[in-house]
Amino acid sequence: EDVVTPYEFGKHGSPRSHRQIRDCQPIKYDNVTHHTQKAHDWDQNGRVPYPITDLNYFYDDLPFGERAPGHIVWVKSPARTVSVLEPFDSGGCTNHHRATVDTSAKQENCLVAVNAGYFNTRSGDCYGNVVSNGRLVQTNGGLQNAHFGIRADGTLVFGYLSEEDVLQKENPFVQLVGGVGWLLRDGEIYVEESRKAECGDVEESGTVDAFFDMLSARVAVGSDDEGNLVIAAIDGQSKVRGVSMSSFASWLLSHGVKNAINLDGGGSATYVINGTIANNPSDHCRDSAFRCPRQVSTIVCVHEP
Ligand code: M6P
């Protein structure tokens, strides 16, 4: 596992809001780094298996009496079958595009797709480091938010990355996207450690503590022991229904997930199977009596190898 060395705070574009937030720090703790894992790859016959091995719809009892419907999917050969895609099309982040997940999923005929990175809901700016199919879209100057990535050699990466990590050329990231909150680190719940480390600039629902503790729709990308990618999306509505970060982490762990990063959730949470929205997004339509899928920034797409 790499050790991240301290470095200077980089400039970043995210505007400070009036919200009470803690100061966003660059990575400075030698013990807070990232976890790398070899991705599952070819099967015994040397073939790339069909990527999706399981697909569940669940309605579970969660701690604290929470109940929430959602989806979880295990993805084989993720280094060949998973892409981070910009909103609407390539160049979407630079052009401040936003699009519903089902629209963005058309770019690569995604078998499964979820919303991914956080974004500025007013300007449409994508937040975080973004690498899409080997193209570096943007960096965030090392701002400390949990990221998920896939490197050129097929390793999965979870955790905090310095600017140098993001830009290194020896084994570059081919896919990379940022979230808020490192839910599981190498088989252990990492919510409380992550709560202290995360930068809250990129989520708009309040303080980091409020964001971690509220009920909400949540989306995560993670991995199991075999290096399969796991994508989970739980329905909810911020501060009303859904799951807290710690409940989400416990639930993922109970399903054999070993590493997991929390992606954008709330009204952005959208889960698409074969081009069709399969969850119940909580964002309000223009007519607030109804609910509509939100136009979001990046997505995680599972496609044929
Ligand atoms: C905005 C609107 C609402 C939404 C709310 C909370 O006010 O988009 O429809 O319910 O934000 O959104 P979120 O759950 O993503 O924080």
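Counting starts at 1 for both ligands and their atoms, following the listed order.
Defined by atom type and a distance below 3.5 Å, a donor-acceptor pair is present between the side-chain atoms of Gln37 and Ser223. In this structure, a donor-acceptor pair under 3.5 Å is present between the side chains of Thr121 and Glu204.
Proximity of atom 10 (O) of ligand 1 to the protein is indicated by at least one non-hydrogen atom lying closer than 4.0 angstrom.
Contact atoms of ligand 1 toward His284: 3 (C), 4 (C), 9 (O), 10 (O) (distance under 4.0 Å to a heavy atom of the residue). Taking every non-hydrogen atom of Gly266 and a distance limit under 4.0 Å, the qualifying atoms of ligand 1 come out as 14 (O), 15 (O).
Looking at Leu156 and Pro78, their side chains come closer than 4.5 Å, going by heavy atoms from C-beta outward.
With salt bridges taken as basic N to acidic carboxylate O contacts below 4.0 Å, one links Asp41 and Arg80.
Protein heavy atom in closest approach to atom 4 (C) of ligand 1: Asp283 OD1, 3.5 Å.
For a threshold of 3.5 Å applied to N or O pairs, the pair formed by Ser238 and ligand 1 contains at least one separation below that value. At a 3.5 angstrom cut-off on N or O pairs, Ser216 does not count as close to ligand 1.
For Phe158 and Phe148, the gap between ring centers is short of 6.0 Å.
A cation-pi arrangement, defined by a distance under 6.0 Å to the six-membered ring centre and an angle within 45 degrees of its axis, is present between Arg151 and Phe173.
Using 4.0 Å as the threshold, Lys239 has no heavy atom nearer than that to any atom of ligand 1.
Selection from Gln237, Arg291, Arg294, Met214 by nearest heavy atom to atom 12 (O) of ligand 1 gives Arg294.
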